[in-house]
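Below is one structure, written out as structure tokens; the observations come after it.
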Amino acid sequence: MTLLSESPSPSAIAQAADAPVLAVEGLHVAYGSTAALHGVSLDVRAGETVALIGANGAGKSTILRAISGLLKARSGTIVWNGKSIANLPADRIVAAGIAHCPEERHVWPNMTVQENIALGAYLCRSREEVQRRIGMAFHRFPRLRERSRQMAGTLSGGEQQMLAIARALMSEPRLLMLDEPSLGLSPKMADEVFDVVRSVNGHGVTVLLVEQNIHNALGVASRAYVVKTGRITASRPSAELRGDPDLLRAYLGG
Amino acid sequence: QDTVRIGLVQPLTGSVAYNGKSVVEGARLAVEEMNAAGGVLGKKIELIVEDGQCTPANSVNAVEKLVQKDKVVTLVGAFCSSATAAIMPVAQKYKLPLITGVSSKASLTEQGNPYFFRAAETDALMAEAFAKILANDLKLTKVAYIGVNDDWGRGGVEEFSRDLTALGVKTVLTEYFDHGATDFFTLLTKLRAAKPDGVFVAAETQDGSILVKQIREMGLDTKVFGVGSWATADFINLTGEAAEGIHAAVPYASSMDTPRNQTFVQKYQAKYGIKPGKYGAAGYNALNIAGQAIARAGGTDAEAIRASLAKTSYEAPNGVYKFTDKGQAYGFDAVLVRIEKGEPKVIASTPVDAPH
Amino acid sequence: MDLFPQFLANGLVMGVFYALSALGLTLIFGLMRVVNFAHGEFYMLGGVSGWFVTNYLGLDFFSGLIVVAAFMAAVGWLVDRFLIERVRGQGEEPGILLTIGLSIFLVNGTLLLVGPAPMKVAGAVAEGPLFFGPIAVTKLRLLAVAVGIALIVGAHLLIRRTRLGAAMRATFQDPMAASLAGIRTGHVYAATFALGCTLAALSGMLLASIYSAQASVGGLISLKSFVVVILGGMGSFAGAIAGGLLLGVAEAMWGGYVSMGMVDVIGFVLVILILLFRPQGLFSIRTERA
Amino acid sequence: MTFGGITAVKNFSFHIEPGEIVGLIGPNGAGKTTCFNMLTGFYAPSNGRVRFKGQDITNRKPHAIARLGLVRSFQKTSVMKRLTVFENVLTGHYMASRQSLLATFFPGEAVRRAEREARESAAAIVETMGLAQRMNAPAHLLSCGELRLLEVAVALAAKPSLLMLDEPAAGLNSHEAGTFGAVLKTLVGRSIDALLIVEHNMDLVMSVSDRIVVLNFGRKLVEGRPAEILENRQVAEAYLGKAAA
Amino acid sequence: MTLERNILLAFLAGAALLPFAVSDQYILHLAIMALFYAVLASSLNLVVGYVGEFSLGHTAFLGTGAYTAALLSTQAGMPMWVTIPLAGLVSAVFGFAIGAITLRLQGPYFVIVTLSFAEVLRIVANNWIAVTNGPMGLAGVGQNLFGDVAVTNKAGFFLIVLGIAAVALYLSYRFVYSNAGRAAVAVRENRYVAQSIGVDPFGTAMQAFVLGAFLAGLAGGFYAHYISFVGPEVFRFAFMATMIIMVLLGGKGTLIGPLAGAVIVTVLEEYLREVQELRLTLFGLIVMAIVLFLPNGLMGFIALRREQQAAKPTLNAAKERTV
Ligand SMILES: Nc1ncnc2c1ncn2[C@@H]1O[C@H](COP(=O)(O)OP(=O)(O)OP(=O)(O)O)[C@@H](O)[C@H]1O
Ligand SMILES: Nc1ncnc2c1ncn2[C@@H]1O[C@H](COP(=O)(O)OP(=O)(O)OP(=O)(O)O)[C@@H](O)[C@H]1O
Ligand SMILES: [Mg+2]
Ligand SMILES: [Mg+2]
């Protein structure tokens with residue numbers, strides 16, 4: 001395939017529009033001695049919702065982990081709001097307004113649902129404000145209110161997923177990164193989660209999304225990057241991809 | 001070899017290291033003195049100290065090393081009877097004389113090991129020497145016995161209770177506690193209920209000082225007597241006020257009133273800053289006995305040293321040491337001391353007879 | 001029967017002492033899940049440095065306590081940053097080996113520095129007996145019990161009620177999620193370790209003023225502390241108290257009515273029996289599911 | 001089955017015939033995984049019985065149930081992370097090559113043959129699941145999606161007669177899920193007798209299942225052929241949401 | 001697998017020549033102790049490496065074996081060829097009984113409850129004077145091999161312990177590379193998956209545990225005859241600490257690891273006698289340094305190097321946290 005030659009350079013897109021809030025350039029990341037990303041560049045503009053799509057093991061999650069500081073970049077730059085955040089520790093990056101809801105949920109199993117949610121707002125020091133946000137989370141996910149005193153480790157898979165998303169929202173980030181948010185959710189619940197994403201986005205929060213359910217992903221995102229074996233191979237408006245199943249298949253097939 | 005090597009196995013780490021170090025100090029002093037006086041066989045004595053941790057396996061390791069690598073001509077050690085029991089066959093196999101200055105378990109000299117010599121008292125000998133004096137002086141009628149739960153503690157309790165019982169003293173309580181125990185209130189509650197007029201304690205410095213202190217903290221004013229290295233500055237300092245008036249039967253006390261002892265105490269204090277206790281003296285004596293035997297043997301042949309050891313007549317700070325056919329020392333003095341104003345005061349002294 | 005009140009009192013006092021000396025381990029082993037074999041040595045260092053500051057620096061007991069606390073907090077912090085940190089997240093075995101090495105080093109290093117002799121730490125108050133009816137205690141013991149209870153309650157509140165406490169629990173359950181919530185996990189680890197170390201040392205100094213300090217006490221303390229922590233259920237402070245009291249009272253009763261010689265067996269028999277019927281300890285719940 | 005007052009599954013009955021692929025679906029927290037746990041002995045049901053091949057297996061130990069031929073996968077990714085893909089699958093052959101302790105220490109020809117067969121079979125299964133390229137990679141190097149495939153491979157290695165999969169396609173993209181569904185279909189009748197699958201990926205469930213059971217609040221809502229389920233109003237309301245609309 | 005087998009065979013063959021090549025009794029003594037520890041470490045490794053649970057009570061089996069052999073020898077005058085196998089069997093029975101209780105527990109609870117058993121046995125040995133002679137211990141354990149034929153020199157003991165080590169390594173090797181061994185690894189790696197593929201976690205763990213107890217019992221039996229004295233300290237934690245250091249330093253979950261660990265630690269401890277008082281302080285430091293630089297032990301390090309040389313992807317498996 002010659003996808004690379006077709007794809008416009010990401011920075012070209014960025015220049016056309018207003019300046020990006022998040023700009024990643026030439027990002028190289030490795031697990032131990034295994035390289036996982038080989039020079040990834042992407043931009044996200046303020047208020048945009050962007051999806052990362054690609055086959056299994058392409059490196060989508062790795063990109064998010066590098067941005068949120070869980071992984072150190074070998075080389076490359078990550079600029080957020082005009083400041084470099086590459087290689088800052090994760091907690092500083094959260095403080096800078098980026099929330100990352102990781103793959104596999106990672107709830108705190110021996111804490112109650114309520115405690116899990118409350119800790120999502122760890123950096124917020126005002127008690128009333130935290131209470132307000134907890135109320136908001138329960139409003140978005142009534143199921144969690146029912147289970148507020150249950151230990152998170154005993155929740156069902158889908159319930160844990162809701163909890164992870166609710167927790168990520170608690171820091172009221174400027175950039176929300178979701179890794180496969182619909183994983184393990186029923187179709188109806190997945191719709192509801194994407195409604196939440198839309199409404200959060202509607203309040204001006206920028207969203208970067210990794211999603212396997214392409215239909216849903218392209219439904220919320222305005223634009224998608226295609227990731228393949230540690231590289232970005234294309235960047236397309238959602239509408240274009242949705243209209244062309246063959247192209248999509250070409251991008252997604254492993 | 002241009003030195004005569006003597007190997008010393010003692011616990012230098014672990015919970016009895018405290019006492020093991022004293023033995024080593026005494027031993028070093030003895031070697032220093034002998035070397036200052038020209039050494040033996042025209043050579044200097046070299047003391048090689050190994051840590052046996054008071055465990056059989058480690059003590060055997062240490063002995064193998066001393067014998068094979070350092071080629072020592074005589075062994076001294078070990079501290080705990082169990083460790084000594086384990087190294088005795090090794091010494092016998094290599095046909096090397098082994099002197100212990102400490103291990104008191106009676107059966108050690110009963111094993112028919114011709115290379116083994118014990119330059120120390122056994123509990124039986126101490127009990128025999130002092131039971132009567134104690135019973136009379138302290139006017140004992142009912143006694144409680146408390147001992148540390150090891151061979152030494154059990155031996156002490158058994159021997160003293162046998163001899164005191166023979167004198168018509170009633171036993172009202174016998175208890176053992178584990179080495180390293182720190183709280184004795186429960187034990188002392190039982191002691192209080194048993195209403196003895198004297199309590200016998202077999203415990204070393206650490207356990208003993210805490211125990212004696214707590215006897216007073218419980219508000220008990222029973223007379224306390226026992227065995228252990230109590231006639232030392234460390235013990236008295238740790239025990240504080242509570243040490244006043246207690247009695248200890250010891251093979252050695254720095255306050256023993258002989259010229260030899262006075263020079264020994266003086267030298268020891270000059271070198272280490274404290275007065276010697278029972279273990280310091282034990283190390284000192286054992287090394288002197290070894291050194292003199294080698295000198296008399298006229299060479300480093302083990303058989304000759306063994307033979308000359310059997311003929312020992314060593315003038316120690318605390319009397320004269322001789323050995324029986326089985327290698328048990330006798331003839332030296334043992335003392336009963338009372339702690340008064342922070343000083344151990346000798347109130348009775350008697351030579352230890354050969355066991356019969 | 002008239003012995004019973006005294007036995008009970010002895011048991012309760014000892015129980016608080018056990019809970020107190022296990023407190024640091026409750027944090028480091030119970031919560032942080034580092035099987036810390038150097039716990040007893042931290043306790044020992046508390047006693048020995050207590051002896052040093054009261055004897056050589058001439059401080060009174062309470063100023064000494066503060067100095068020791070500060071010193072041991074620094075030690076704990078450094079141990080975590082330079083040693084534990086390096087093997088974090090590699091399973092429990094490297095931690096076990098590391099703390100065994102540390103404990104060997106600390107005991108023998110201390111032996112080299114101060115020698116094997118027991119050391120006396122001057123107490124905060126006089127030592128004479130105090131009678132409540134038939135029950136004898138000492139002022140020093142009552143003081144230690146009071147301080148012990150205060151420390152335990154304080155630690156409990158810290159973990160359950162404060163932001164730092166919540167951050168600790170989150171970090172130990174899932175460090176990745178914790179750092180994504182903005183928690184500085186490196187600091188939380190180090191702070192917990194330092195706190196555990198300080199608590200161990202404080203109890204070491206406090207109890208050394210009642211007994212005595214010695215370089216080789218660590219092994220026994222570690223053993224008893226592990227028993228207490230497991231009895232109570234990992235990482236629960238209420239559990240540590242219950243475990244400590246249970247152990248103290250059971251030992252007092254066994255020693256009182258049966259025999260002193262086998263007293264140490266009680267703790268271990270209790271552990272075996274309790275885990276036989278409650279495999280997660282007395283005060284702990286399971287939240288794992290398939 | 002209740003957990004501290006919450007009833008997770010109540011009065012639920014269903015059955016599976018040989019040769020069948022049954023889909024079990026339902027909203028989050030409806031009790032699907034709990035149901036799996038009860039069938040395979042990880043939880044003990046407070047009421048009711050489970051029968052498998054004519055035997056009552058209620059309250060048996062999980063491994064005993066597995067030995068009867070009922071093997072499951074887990075919702076939360078569960079593999080042996082430090083072993084390679086091949087070793088994972090080889091370990092899955094445990095039941096086929098069980099042997100006495102004596103044979104372990106003094107292996108005879110039979111044991112060696114069993115070992116050889118297990119190795120061949122393991123390689124074949126890795127191939128079938130499309131992980132051939134990853135054969136000797138330690139499992140911890142795999143991405144989420146690959147891990148899901150490996151789990152299925154391990155379960156298959158146990159040569160079950162009834163295979164139960166809990167969200168096996170979670171983490172696969174639409175395209176990969178399609179391929180995976182095709183593989184599943186070929187298994188039934190060949191390697192396994194029947195398949196019970198829990199999945200939220202509707203395209204997959206609808207395309208592979210012969211019959212679908214819908215669970216809601218721990219009770220059976222409806223049961224039927226895929227087409228019937230898609231048309232059911234209750235299902236649409238409780239589960240499918242807008243997707244049905 | 002074959003590599004590991006060949007290394008082990010070469011090692012045993014080389015070791016068999018030692019008593020003929022070396023006459024220094026001290027070196028032979030060290031070699032005997034190293035092999036004794038190697039058996040112990042291998043037996044612990046079966047539990048730690050293949051059950052995946054950390055037993056701190058392995059001295060229970062060492063001690064049981066040692067006391068069994070010592071009692072049979074001192075009370076009934078039995079020779080070594082009877083007492084040592086019986087020591088293994090009695091320990092195995094103890095292993096079964098203790099395993100029945102402890103193997104239902106996991107993680108820290110298992111760690112502490114096994115430790116508790118060892119301590120209970122130690123305290124019993126220390127107080128049951130009628131049988132064990134309490135703290136006085138059992139001295140004068142005989143050294144006859146068959147009937148009246150006594151082992152009188154170190155070379156003889158060396159060959160005996162070498163034989164025991166060979167048995168231990170053979171049994172471990174067979175177990176580890178069998179279906180049962182794989183099952184044990186499955187339980188270690190993921191209990192749930194193991195159960196779902198038909199592995200009985202309890203039964204499998206029990207096999208490894210009892211085998212470990214048996215081998216430790218053999219080692220204990222040998223110890224009793226070789227040192228000729230057995231006291232309650234055989235149950236003490238000091239032995240346990242040495243074993244742990246050997247297993248982890250060599251690399252758990254491999255067969256060569258514990259063997260290498262035993263040899264290195266024995267030699268290191270003796271070599272450090274050179275530095276006198278500093279000995280154990282330095283030993284502690286060295287243990288710490290090794291953990292920091294070789295977190296997966298010697299074998300882990302070698303495996304890592306091999307992987308790197310093969311230019312294969314590597315990553316620290318353990319970094320992967322499963323929550
Ligand atoms: N913890 C890890 N250790 C080593 N390698 C890893 C790790 N996590 C991921 N990888 C490797 O990095 C590459 C990218 O993985 P990543 O998880 O980013 O993929 P992904 O696109 O998110 O896939 P999926 O859709 O399956 O989640 C893969 O080849 C994977 O094998
Ligand atoms: N151990 C437990 N303690 C308390 N509640 C539990 C426990 N296990 C399960 N539950 C509850 O039982 C309900 C059913 O859970 P289950 O995991 O079976 O749901 P599920 O149908 O598999 O859902 P999902 O599709 O989200 O995986 C959930 O609400 C869950 O919170
Ligand atoms: Mg991913
Ligand atoms: Mg589920």
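A note on names: the letters A, B, ... follow the listed sequences, proteins ahead of strands, and every chain is numbered from 1.
Taking CG of C:L31 as the start and CG of A:N110 as the end, the distance is 10.5 Å to the nearest 0.5 Å. Atom NE2 in A:H100 sits 10.0 Å away from atom OG in C:S179 (nearest 0.5 Å). The distance from atom CZ of A:R105 to atom CG of C:D174, rounded to the nearest 0.5 Å, is 13.0 Å.
Of the listed residues A:G69, A:P102, A:A168, A:C101, the one with more heavy-atom pairs under 4.5 angstrom with chain C than any other is A:P102.
When side chains are defined from C-beta on, A:W108 does not count as touching C:R169, because their heavy atoms never get closer than 4.5 Å. C:M176 is listed as a side-chain neighbour of A:L70, based on a closest heavy-atom distance under 4.5 Å.
Interface residue A:R125: only side-chain heavy atoms are found under 4.5 Å from chain C. Only the side chain of A:R167 has a heavy atom closer than 4.5 Å to any heavy atom of chain C.
Within the 3.5 Å criterion, the main-chain N or O of A:D91 finds no donor-acceptor partner in the side chain of C:R184.
Around CZ of C:R163, the count of heavy atoms belonging to other residues, nucleotides or ligands within 6.0 Å exceeds 12.
Contact detail for A:L119 and C:A170: the closest heavy-atom pair is CD1-CB, 3.4 Å.
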